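For reference, the structure discussed in these notes is given below.
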Amino acid sequence: MPELPEVETVMRGLAPLLLGRRLLWVEARRGDLRWPLPEGLGPRLAGARVTALGRRGKYGLIHTDRREVLILHLGMSGRIRLDPPALGPHDHVVLATETGARLVVHDPRRFGAIDLVGASDLDRHRWLAHLGPEPLDPALAPDHLARAAAGRRVAVKALLMDQRVLAGIGNIYASEALFRAGIAPGRACRRISAVRFIRLQQALGEVLTESIAAGGSSLRDHAQISGALGDYQLHLRVYGRAGLPCPSCGAPVRRSRIGGRSSFHCPRCQR
DNA sequence: CACGATACCTGTAAGC
DNA sequence: TGCTTACAGGTATCGT
């Protein structure tokens, strides 16, 4: 499920359930996701009050009054289930709140990860320390991408998905932003002008903002805590639409493989 | 250093 | 119907 807009949607959905509330107990039902769960997760969180919720790139952040932060990454298949009627084999962590809600971290592929760290160490955490800036930060320089791309030989789509360049862009929104900017995903960065990169960065901001407003994209999973589906997938113009007509010119959308990931683009509109 | 390939894990859908 | 294969929203790590 989760790129930046989906993680943002999840954290917003968690706010009314968690913000200002105490956690009664937390249970890890297995010792690891992608990596081992932190030592003493349950005891360290039991009784703690949630003071803030946030997001950095694709990582969700839950701050507590014990000056610790739960870092949550949903990987490819992770999601949060609210009050499921029963727990299954892929329900790995359960958080129970003082109001009786049970939040379940569900992740069949277990590419996700969880850690719990001191708040003062957050920026130095190995998952966060090397992340690039937030694409929706109003203070982001309009030519950030253009500068990061200068002289690079990588395909522009691979650059967009490099979390050290910008945090939170994944396979869907990289394809969508490139379509809007009219840039072919396989084009080498150094063969794209600064002006076009500025346009790409703008397109990226638009796509992300629109998706968040729609509750994210629900491809295989629910994006929202409430169980409601985000419906930005209905607005996707090229992602997952191989062979279907380009919404702009009607030419069939082409699927290719860049950096090992499926890419979608219109060969006529994107150069 | 920059980049591509591979590995991790399970479920689902397509192909034969 | 059943078996096999390819692929899925991510990221760390290992080659070249």
Side-chain angles (χ1 to χ4, degrees), chain A residues 1-11 29-37 55-60 71-80 88-92 105-115 125-132 135 148-178 185-191 204 207-208 211-212 214-224 229-243 255-264:
Chain A
M1 164 178 61
E3 299 183 35
L4 186 157
E6 289 74 35
V7 177
E8 181 68 27
T9 299
V10 166
M11 299 317 287
R29 304 181 73 237
R30 62 172 296 147
D32 63 301
L33 293 178
R34 178 168 192 172
W35 291 291
L37 295 175
R55 179 191 56 74
R56 182 75 177 92
K58 301 172 192 173
Y59 295 86
I71 310 176
L72 171 66
H73 195 290
L74 295 171
M76 294 273 261
S77 58
R79 48 184 174 149
I80 305 286
H90 305 306
D91 292 322
H92 305 306
V105 178
H106 175 93
D107 185 2
R109 293 177 75 181
R110 302 205 325 276
F111 283 2
I114 289 176
D115 204 358
H125 190 278
R126 65 188 188 284
W127 298 343
L128 307 182
H130 305 293
L131 292 178
R152 306 264 318 255
R153 306 169 105 94
V154 260
V156 58
K157 177 160 175 281
L159 183 92
L160 277 183
M161 294 176 64
D162 184 339
Q163 302 300 298
R164 294 168 302 186
V165 172
L166 278 173
I169 314 306
N171 210 26
I172 297 178
Y173 300 103
S175 278
E176 291 297 308
L178 286 163
R187 176 171 286 269
C189 288
R190 59 176 187 164
R191 297 190 52 234
L204 191 54
V207 170
L208 296 174
S211 181
I212 291 170
S217 300
S218 306
L219 266 48
R220 280 161 257 282
D221 298 288
H222 296 263
Q224 300 188 53
L229 293 169
D231 63 5
Y232 194 70
Q233 73 279 5
L234 303 175
H235 303 275
L236 298 177
R237 299 186 187 170
V238 288
Y239 182 84
R241 300 179 53 79
R255 186 172 100 159
S256 60
R257 193 158 283 272
I258 295 168
R261 310 295 301 279
S262 278
S263 296
F264 300 88

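Letters A, B, ... are given to chains in the order of the sequence lines, protein chains preceding strands, and every chain is numbered from 1. As the structure is a prediction and not an experimental result, all values here were calculated from the model.
- Contacts of A:R255 with the nucleic acid, taken as non-hydrogen atoms under 4.0 Å apart, involve only primed sugar atoms and P, OP1 or OP2.
- Taking only side-chain atoms of A:R110, from C-beta outward, the nucleotide of C:dG9, B:dT10, B:dC8 with the closest atom is B:dT10.
- A:D32 has its side chain out of reach of A:L37: every pair of non-hydrogen atoms, C-beta onward, lies at least 4.5 Å apart.
- Residue A:L159 contributes atom CG, which lies 8 Å from atom P of B:dC3 at whole-angstrom precision.
- The P atoms of C:dA6 and B:dT6 are separated by 13 Å, rounded to the nearest whole Å.
- Between the NE2 atom of A:H106 and the P atom of B:dC9 there is a distance of 17 Å, rounded to whole Å.
- Annotation for A:I169 and A:E3: closest pair C-OE1, 3.9 Å, computed over non-hydrogen atoms.
- Close to C:dT11, at under 4.0 Å from its OP1 or OP2, lies a side-chain N or O of A:Q163.
- Among the heavy atoms of the strands lying under 4.0 Å from A:R261 is at least one base atom, whether or not backbone atoms are also near.
- No engagement by A:R164 is indicated, since no non-hydrogen atom pair under 4.0 Å with the nucleic acid exists.
- Taking 3.5 Å as the limit, the base of C:dA8 and the side chain of A:R109 contain a donor-acceptor pair of atoms between them.
- A:E6 and A:S217 get closest at one heavy-atom pair: OE2-N, 2.8 Å.
- For B:dT12, the paired base is C:dA6 (Watson-Crick or G-U wobble, both distances below 3.5 Å).
- Look at B:dC3: its Watson-Crick or wobble partner, with both distances under 3.5 angstrom, is C:dG15.
- When rounded to the nearest whole Å, the span between CG of A:L219 and C1' of B:dT12 equals 13 Å.
- Here, C:dA12 and B:dG11 have their P atoms 24 Å apart, quoted to the whole Å.
- Nearest nucleotide to the side chain of A:P108, out of C:dA8, B:dC9, B:dG11: B:dG11.
- One finds no side-chain N or O of A:H90 lying less than 4.0 angstrom from the OP1 or OP2 phosphate oxygen of B:dC9.
- If you measure from atom CE of A:M76 to atom P of C:dG9, you get 5 Å, rounded to the nearest angstrom.
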Step by step, work out the side-chain contact (heavy atoms from CB on, under 4.5 Å) result for A:L74 and A:R79.
CA-CA 6 Å; A:L74 295 171; A:R79 48 184 174 149; 5.6 Å; no

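- Rounding to whole angstrom units, CG of residue A:L128 and P of C:dA12 are separated by 11 Å.
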Please lay out, stage by stage, how A:K58 and A:H73 fare under the test side-chain contact (heavy atoms from CB on, under 4.5 Å).
CA-CA 7 Å; A:K58 301 172 192 173; A:H73 195 290; 3.7 Å; yes

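- Using bins of under 30°, 30° to 60° and over 60° for the plane-to-plane angle, the ring pair A:Y59/A:W127 lands in the parallel bin.
- Rounded to a whole angstrom, the distance from the P atom of B:dC9 to that of C:dC3 is 25 Å.
- Residue A:D162 contributes atom CG, which lies 11 Å from atom P of C:dA12 at whole-angstrom precision.
- Considering only the side chain of A:V154, B:dC3 comes nearest among C:dT11, B:dC9, B:dC3.
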Intermediate values then yes/no, side-chain contact (heavy atoms from CB on, under 4.5 Å), A:I80 and A:L72
CA-CA 10 Å; A:I80 305 286; A:L72 171 66; 3.8 Å; yes

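- Proximity note for A:E3 (side chain, C-beta onward) versus C:dT11, C:dG9, B:dA2: the nearest is C:dG9.
- Along DNA chain B, the nucleotide closest to A:R153 and the one closest to A:P89 are compared, and the more 5′ of them pairs with A:R153.
- Lacking a ring centre under 5.5 Å from that of the base six-membered ring together with a plane angle below 30°, A:F111 does not count as stacked on C:dT11.
- For the pair A:H130 NE2 and C:dA12 C1', the computed distance is 12 Å after rounding to whole Å.
- Rounded to whole Å, the distance from CZ on A:R241 to P on C:dG9 is 16 Å.
- Under 3.5 Å, the side chain of A:R34 and the base of C:dT11 form at least one donor-acceptor pair of N or O atoms.
- Comparing A:W35 and A:S262 by the nucleotide of DNA chain C that holds the closest heavy atom to each, the one mapping nearer the 5' end is A:S262.
- Across all strands shown, A:G260 has no heavy atoms under 4.0 Å from either base or sugar-phosphate atoms.
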